[in-house]
Amino acid sequence: MTKFSRIGFCTLKGGIFLVFLALSLAGLTQEPKHPLSDDSRVCLECHGSMRYSFTDPSTGDVVSMKMYEEIRIDTVRYTNATHGGFSCTDCHSPDYAVHPHPIEVKFEPLYQCFDCHGNNDVFADFHFETIHDEFQMSVHGNHLIENFSCWSCHNPHTYVNTARKGGTITDVVAYNNSMCLGCHGDISHYAVLIEGQLTNMLSKHEWLPNQSLHFRKVRCIDCHAATNDSILVAHHVLPANEAVKNCVDCHSTNSILFASLYKHQIIERRNKFGFFNAAITSEAYLIGGNRNYFFNIASIVIFGLVLVGIAIHASLRYIHYRRRRS
């Protein structure tokens with residue numbers, strides 16, 4: 001592990017922190033995207049706080065307890081999240097309105113994405129059926145990791161669909177990679193899902209040139225998931241030994257990034273100014289990818305003119321030489 005790798009990884013985590021800080025500050029200074037319903041407001045009085053209190057029904061004593069991270073909700077992020085317009089009881093049992101909550105509700109089955117979005121014409125453009133199939137084939141599917149679900153990566157209380165919001169690529173990368181590093185960079189979360197040694201992300205990626213730049217400019221899934229033309233974000237996460245390692249796969253005019261990271265931006269801007277990949281020219285310089293058809297023709301013409309000039313110059317010098325000899 002090199003010094004620059006450690007700096008890059010710290011820069012990545014710092015970048016992710018700054019993105020969330022910016023989102024939080026934006027949330028504090030702007031009107032929330034979704035107003036809280038009365039039901040949700042009651043729930044978040046406890047679940048939006050670090051500690052909560054309730055009255056013991058048997059003794060009448062008021063008890064103050066810690067609200068555990070797993071069931072604590074960031075109110076600002078929730079009201080700005082994709083699902084922030086829902087009341088808590090739209091997804092959870094109405095029995096949660098009873099305090100303290102009855103033990104039975106602890107066993108309620110939780111909705112999965114497919115329960116609401118699957119086979120629903122309203123969400124047809126998202127192709128949730130394909131996403132579901134891709135997930136089942138991935139290393140995150142339940143055949144390899146027990147109880148792994150959509151919510152293991154996409155927190156339903158804070159999830160924001162960044163890929164379709166038209167934000168900067170940097171923000172999209174930071175937001176998406178934070179989901180991966182939430183487990184693969186944090187043993188406390190990783191150990192909850194799987195028994196095993198947490199992989200050192202830096203040493204595993206030592207082969208990658210300019211590691212810090214790649215971490216900041218490319219999503220983990222762009223190399224670790226198989227692309228699918230019918231969905232915007234790949235969900236078929238591959239085993240580590242099948243990840244992209246060929247530089248040309250990205251650094252070429254047929255870069256796989258155009259079918260993944262830049263897919264949304266490229267739809268409307270493709271070849272607008274003659275660039276093969278106009279969507280990426282405003283945010284990044286991708287070696288081998290930022291090519292322009294007209295520049296290519298111009299460079300060939302200039303190269304040809306140089307050769308012609310050299311030939312003429314050599315011919316004239318030869319003629320001059322022959323005349324002096326004669």
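Reckoned from all heavy atoms, side chains included, excluding hydrogens, waters and symmetry mates.
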Closest non-hydrogen atom pair, Val173 against Val218: CG1-O, 3.6 Å

Side-chain donor/acceptor of Ser152 to backbone N/O of Phe148, under 3.5 Å: no

ILVMFWY cluster, Val308 and Ile302 together (side-chain gap under 4.5 Å): no

Which atom of His214 lies closest to which atom of Leu208, heavy atoms considered: CB-CD2, 3.5 Å

Heavy-atom closest pair, residues Leu193 and Cys183: CD1-SG, 3.6 Å

Side-chain donor-acceptor contact under 3.5 Å, Asp171 with Thr168: yes

Check: Ile300 and Phe303 side chains under 4.5 Å, non-hydrogen atoms: no

Residues Phe114, Ile131; criterion side-chain contact (heavy atoms from CB on, under 4.5 Å); working and verdict: CA-CA 9 Å; Phe114 201 66; Ile131 292 174; over 6 Å; no

side-chain contact (heavy atoms from CB on, under 4.5 Å) between His47 and Ile71, intermediate numbers included: CA-CA 7 Å; His47 287 276; Ile71 53 175; 4.1 Å; yes

Heavy-atom side-chain contact between His140 and Phe135 under 4.5 Å: yes

side-chain contact (heavy atoms from CB on, under 4.5 Å) between Thr75 and Leu36, worked out: CA-CA 9 Å; Thr75 304; Leu36 274 179; 3.9 Å; yes

Gap separating the CG atom of Asp115 from the CG atom of Asn120, nearest 0.5 angstrom: 12.0 Å

From OG (Ser87) to CG (Asp38), nearest 0.5 Å: 8.5 Å

Neighbour count above 12 (heavy atom, 6.0 Å) for Asn210 CG: yes

Straight-line distance of Phe123 CZ to Phe126 CZ, nearest 0.5 Å: 7.5 Å

Parallel, tilted or perpendicular, as decided by the 30° and 60° cut-offs, for the rings of Phe215 and His205: perpendicular

Sequence neighbours excluded, every pair satisfying side chain to side chain donor-acceptor pair (under 3.5 Å) that has a member inside residues 228-242: Glu134-Asn228, Asn228-Ser230

Side chain Arg72, main chain Met67, donor-acceptor under 3.5 Å: yes

Short side-chain to backbone donor-acceptor contact, Thr82 and Asn161, under 3.5 Å: yes

When the side chains of residues 98-113 are checked against the rest of the protein, which donor-acceptor pairs come out under 3.5 Å, sequence neighbours left out?
unit_1 : atom_1 : unit_2 : atom_2 : d
His99  : ND1    : Ala97  : O      : 3.1
His101 : ND1    : Tyr96  : O      : 3.0
His101 : ND1    : Val98  : O      : 2.9
Glu108 : OE1    : Ser93  : N      : 3.0
Glu108 : OE2    : His92  : ND1    : 3.1

ILVMFWY clustering at 4.5 Å (side-chain atoms), partners of Val62: none

Over all atoms of both residues, closest heavy-atom pair of Thr170 and Lys217: OG1-NZ, 3.6 Å

Distance-only criterion, 3.5 Å: show the donor-acceptor pairs between side-chain atoms of residues 49-59 and protein atoms not counting sequence neighbours.
unit_1 : atom_1 : unit_2 : atom_2 : d
Ser49  : OG     : Glu45  : O      : 3.0
Arg51  : NE     : Ser64  : OG     : 3.4
Arg51  : NH2    : Ser64  : O      : 3.3
Asp56  : OD1    : Ser58  : N      : 2.9
Asp56  : OD1    : Ser58  : OG     : 2.7
Thr59  : OG1    : Asp61  : N      : 3.2
Thr59  : OG1    : Asp61  : OD2    : 3.3

Backbone N/O of Ile231 and side chain of His127: donor-acceptor pair under 3.5 Å: no

Single-linkage hydrophobic cluster Ile310~Ile319, side-chain heavy atoms < 4.5 angstrom: no

Nearest atoms (heavy-atom pairs only) where Ala226 meets Ala234: O-CB, 3.3 Å

side-chain contact (heavy atoms from CB on, under 4.5 Å) assessment of Ile312 paired with Ser315: CA-CA 5 Å; Ile312 293 174; Ser315 298; 5.6 Å; no

Distance, nearest 0.5 Å, that separates CG of Asn246 from SG of Cys223: 11.0 Å

Between Ser37 and Ser40, a side-chain donor and acceptor under 3.5 Å: yes

Spatial distance of atom CD1 (Ile221) from atom CG (Asn177) [nearest 0.5 Å]: 8.5 Å

Fellow cluster residues of Trp151, listed by chain then number, with links counted only when side-chain atoms sit under 4.5 Å apart: none

Any donor-acceptor N/O pair, Ser178 side chain to Tyr175 backbone, under 3.5 Å: yes

Whether Asn200 side chain and Ser203 backbone form a donor-acceptor pair below 3.5 Å: yes

Other ILVMFWY residues reachable from Val244 by side-chain steps of under 4.5 Å: Ile256

Between His184 and Tyr190, ring centroids under 6.0 Å: yes

Flag side-chain contact, heavy atom, 4.5 Å: His83 against His157: no

Under 3.5 Å: donor-acceptor pair, side chain of Ser255, backbone of Leu257: yes

Side-chain heavy atoms of Val301 within contact of Leu305, under 4.5 Å: yes

Same apolar cluster: Tyr159 and Tyr78, side chain cutoff 4.5 Å: no

Minimum heavy-atom distance between Ala225 and Leu238, given as atom pair plus value: C-CD1, 4.1 Å

Inter-residue atom distance Asp133.CG - Ser138.OG, 0.5 Å rounding: 11.5 Å

Asp222 side chain to Arg219 backbone, donor-acceptor under 3.5 Å: yes

